[in-house]
Amino acid sequence: MPTDAVIGEEGLGFRYILSGMNAERILIAAECVGDAKWFIQKATAYAGERVVFAADRTNQGVQFPSPARISACVQPS
């Protein structure tokens, strides 16, 4: 590679890439938190209107983690 085509210092390319990825990691984490909140909202709404065998099951015990517990796990630090 010609010397005039080198951007930055030679041998530091990987460091430059990693420094750019730090901002991307924060953006992706924020997107994941937003997605999780949306999915919790949709799952909670579905659980509230769910009808199984023509009977309302909103008061039935659930074997899966509750939306409140899942939501607590999603809260950003």
Side-chain angles (χ1 to χ4, degrees):
M1 172 177 273
T3 331
D4 61 338
V6 175
I7 298 174
E9 292 183 48
E10 187 175 346
L12 294 179
F14 189 67
R15 244 177 235 234
Y16 295 147
I17 289 173
L18 285 181
S19 69
M21 286 185 185
N22 282 334
E24 292 297 322
R25 291 190 335 210
I26 293 170
L27 291 172
I28 290 171
E31 181 182 353
C32 290
V33 169
D35 289 348
K37 287 182 178 182
W38 184 84
F39 283 115
I40 290 168
Q41 240 179 357
K42 292 294 180 184
T44 304
Y46 171 73
E49 63 191 27
R50 182 172 174 235
V51 175
V52 179
F53 302 118
D56 180 18
R57 302 289 184 200
T58 54
N59 292 324
Q60 180 180 3
V62 179
Q63 296 178 2
F64 303 104
S66 69
R69 178 173 285 179
I70 295 170
S71 182
C73 293
V74 171
Q75 296 301 319
S77 299

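Every residue meeting the side chain to side chain contact (heavy atoms under 4.5 Å, CB included) condition with L18, not counting sequence neighbours, appears here in chain and number order: F14, M21. With sequence neighbours excluded, the residues forming a side chain to side chain contact (heavy atoms under 4.5 Å, CB included) with Y16 are E9, L12, listed by chain and number. Shown here are the side chain to side chain contact (heavy atoms under 4.5 Å, CB included) partners of A5, two or more places apart in sequence or in another chain: M1, P2.
The hydrophobic cluster containing W38, built from Ile/Leu/Val/Met/Phe/Trp/Tyr side-chain heavy atoms closer than 4.5 Å, also comprises F39. Hydrophobic side-chain contacts under 4.5 Å tie Y46 to no other Ile, Leu, Val, Met, Phe, Trp or Tyr residue.
For the atom pair CG of L27 and CG of N22, the computed distance is 11.0 Å after rounding to the nearest 0.5 Å.
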